[in-house]
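Here the structure is a predicted model, which means the values were calculated and not measured.
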Amino acid sequence: SHYVGQETILRMLESGEYSYLVVRKTGKSIRHSVFKLLSDIISEHNLSSYFIINKTEMAITCITGSTLITSGLDDVEKLKSIANINRIWIEEASEVTEKDFQQLDLRLRGQSKIGYQMTLTFNPISELHWLKKTFFDLGKANSFILKTTYKDNDFIDDKYKETLTNLETEDYQYYRIYALGEWGVLGNLIY
């Protein structure tokens, strides 16, 4: 999430061509996660003079002209009127349904000099999830997969690293998912 957040801010500074839609399953969750993360990145890097942060609308505008709006997918039908988006970031994509994803994919339309891109960030919680089938098993055209683990994350502290490594003996499924980034099965399933 930090990497995608930093890349988003950097792209907005580079060009006025970027028009982002950043989503999570619920609007409430986006305020306390992605919107806060983006605002913190701007602040930490002393970039506040380059951005207007609208906390009420949870929107960010860069002096270059690039824009970023956030939305929950509580009512995905409300997104149908959103146009001229060329970048979508789905945070915690494992929370969204395949139908939500399809609606978002339809939002990438209009004229764009820089093309279109959708980024999905998530933990691989269940090998039965539609994300695994769509992107990993079948392979979606024009997609790229970047797998990272806590070892790649400079933004977590030693205590959290210890918590993740302790999962190996405490809950091996959680260890596989949250430490190793492997697809897992959560809970008891009945076939």
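Listed by first and then second residue, the side-chain hydrogen bond (donor to acceptor under 3.5 Å, both in side chains) pairs that reach into residues 129-141 are Lys132-Asp137, sequence neighbours excluded.
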Let me check something: any side-chain donor-acceptor pairs from residues 52-60 under 3.5 Å, sequence neighbours excluded? List them with distances.
from: Asn54; atom 1: OD1; to: Thr56; atom 2: N; distance (Å): 3.1
from: Asn54; atom 1: OD1; to: Glu57; atom 2: N; distance (Å): 2.8

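Here the closest non-hydrogen pair linking Gly181 and Pro124 is O-CG, 3.4 Å. Heavy-atom minimum distance, Ser48 versus Ser43: OG-CA, 4.2 Å.
Hydrophobic clustering (side-chain heavy atoms under 4.5 Å, transitive across Ile, Leu, Val, Met, Phe, Trp, Tyr) keeps Ile88 apart from Val34. Tracing side-chain contacts under 4.5 Å through hydrophobic residues (I, L, V, M, F, W, Y), one reaches Ile114 starting from Met12; they form part of the same cluster. Cluster annotation: Leu21 is connected to Val96 through the hydrophobic network of ILVMFWY side chains, with a link wherever side-chain heavy atoms come within less than 4.5 Å. Residues Val4 and Leu146 are members of separate hydrophobic clusters, defined by side-chain heavy-atom contacts under 4.5 angstrom among Ile, Leu, Val, Met, Phe, Trp and Tyr. Linking Ile, Leu, Val, Met, Phe, Trp and Tyr residues whenever their side-chain heavy atoms come within less than 4.5 Å places Leu13 and Ile63 in a single cluster.
Looking at Thr121 and Ile90, their side chains never come closer than 4.5 Å, going by heavy atoms from C-beta outward. Val22 has its side chain out of reach of Phe35: every pair of non-hydrogen atoms, C-beta onward, lies at least 4.5 Å apart. Two residues are said to be in side-chain contact when any heavy atoms from C-beta on lie closer than 4.5 Å; Arg31 and Lys36 fail this criterion. At a threshold of 4.5 Å between non-hydrogen side-chain atoms, the residues Tyr178 and Asp171 do not count as touching. Using a 4.5 Å heavy-atom threshold, the side chains of Leu73 and Thr26 count as separate. At least one side-chain heavy atom of His2 sits less than 4.5 Å from a side-chain heavy atom of Leu37. Residues Leu79 and Leu104 form a side-chain contact, since some pair of their non-hydrogen atoms from C-beta on lies under 4.5 Å apart. In this structure, the side chains of Leu120 and Met118 come closer than 4.5 Å at one or more pairs of heavy atoms.
The 12-atom threshold is not exceeded at OH of Tyr160, counting heavy atoms of other residues, nucleotides or ligands nearer than 6.0 Å. For Lys113, the NZ atom is loosely surrounded, since the number of other residues' heavy atoms within 6.0 Å does not exceed 12. Residue-environment remark: OH (Tyr3) stays at or below the threshold of 12 foreign heavy atoms within 6.0 Å. Surrounding CZ of Phe136 are more than 12 heavy atoms belonging to other residues, nucleotides or ligands, all under 6.0 Å away.
Ring orientation note: the planes of Phe122 and Trp183 are tilted relative to one another, at an angle of 30° to 60°. By the 30° and 60° cut-offs, the orientation of the rings of Tyr175 relative to Tyr172 is tilted.
With hydrogens and angles ignored, the 3.5 Å screen pairs no side-chain donor or acceptor of Asp105 with any backbone N or O of Gln102. In this structure, the side chain of Thr64 engages the main chain of Ser15 through a donor-acceptor pair within 3.5 Å. Listed for the Asn123 side chain is no donor-acceptor partner under 3.5 Å among the backbone atoms of Ile177. Judged by distance alone, the side chain of Asn86 and the main-chain N or O of Ser19 form a donor-acceptor pair under 3.5 Å. No donor-acceptor distance shorter than 3.5 angstrom exists from the side chain of Asn166 to the backbone of Thr163, with no hydrogens or angles considered. A side-chain donor-acceptor contact under 3.5 Å links Ser33 to the backbone of Ser29.
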Legend entry - Chi angles and distances behind the side chain to side chain contact (heavy atoms under 4.5 Å, CB included) call for Glu182, Glu127: CA-CA 9 Å; Glu182 300 293 333; Glu127 62 187 11; over 6 Å; no
Inset, instruction - Take Ser112 and Glu17, measure what side chain to side chain contact (heavy atoms under 4.5 Å, CB included) needs, and give me the verdict at the end. - result: CA-CA 8 Å; Ser112 175; Glu17 298 293 326; over 6 Å; no
Legend entry - Worked verdict on Asp100 versus Thr97 for side-chain hydrogen bond (donor to acceptor under 3.5 Å, both in side chains): CA-CA 5 Å; Asp100 292 339; Thr97 66; 3.2 Å; yes
Legend entry - Step-by-step side chain to side chain contact (heavy atoms under 4.5 Å, CB included) determination, Lys161 to Thr165: CA-CA 6 Å; Lys161 288 178 186 176; Thr165 56; 5.6 Å; no
Legend entry - Test log, rule side chain to side chain contact (heavy atoms under 4.5 Å, CB included), inputs Trp89 and Val23: CA-CA 6 Å; Trp89 173 14; Val23 298; over 6 Å; no
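Classification of Glu7 and Arg87 as a salt-bridged pair fails, no side-chain N sitting under 4.0 Å from a carboxylate O. A salt bridge does not link Lys25 with Glu92: none of the charged nitrogens is closer than 4.0 Å to a carboxylate oxygen.
With rounding to the nearest 0.5 angstrom, the CD atom of Glu95 is 8.5 Å from the CD1 atom of Ile125. Expressed to the nearest 0.5 Å, how far CD of Gln6 lies from OG of Ser1 amounts to 11.0 Å. How far NE2 of His45 is from CD1 of Ile41: 6.5 Å, rounded to the nearest 0.5 Å. Atoms OG1 and CZ, on Thr8 and Arg11 in that order, are 9.0 Å from each other to the nearest 0.5 Å. The line from CD of Glu162 to NZ of Lys159 is 5.0 Å long, rounded to the nearest 0.5 Å. The distance from atom CG of Leu106 to atom CD1 of Ile82, rounded to the nearest 0.5 Å, is 12.5 Å.
A side chain to side chain contact (heavy atoms under 4.5 Å, CB included) with Leu68 is found for exactly one of Phe51, Tyr18, Tyr20, namely Tyr20.
Taking the six-membered ring for Trp and the full ring otherwise, Phe135 and Phe144 have centroids separated by 6.0 Å or more.
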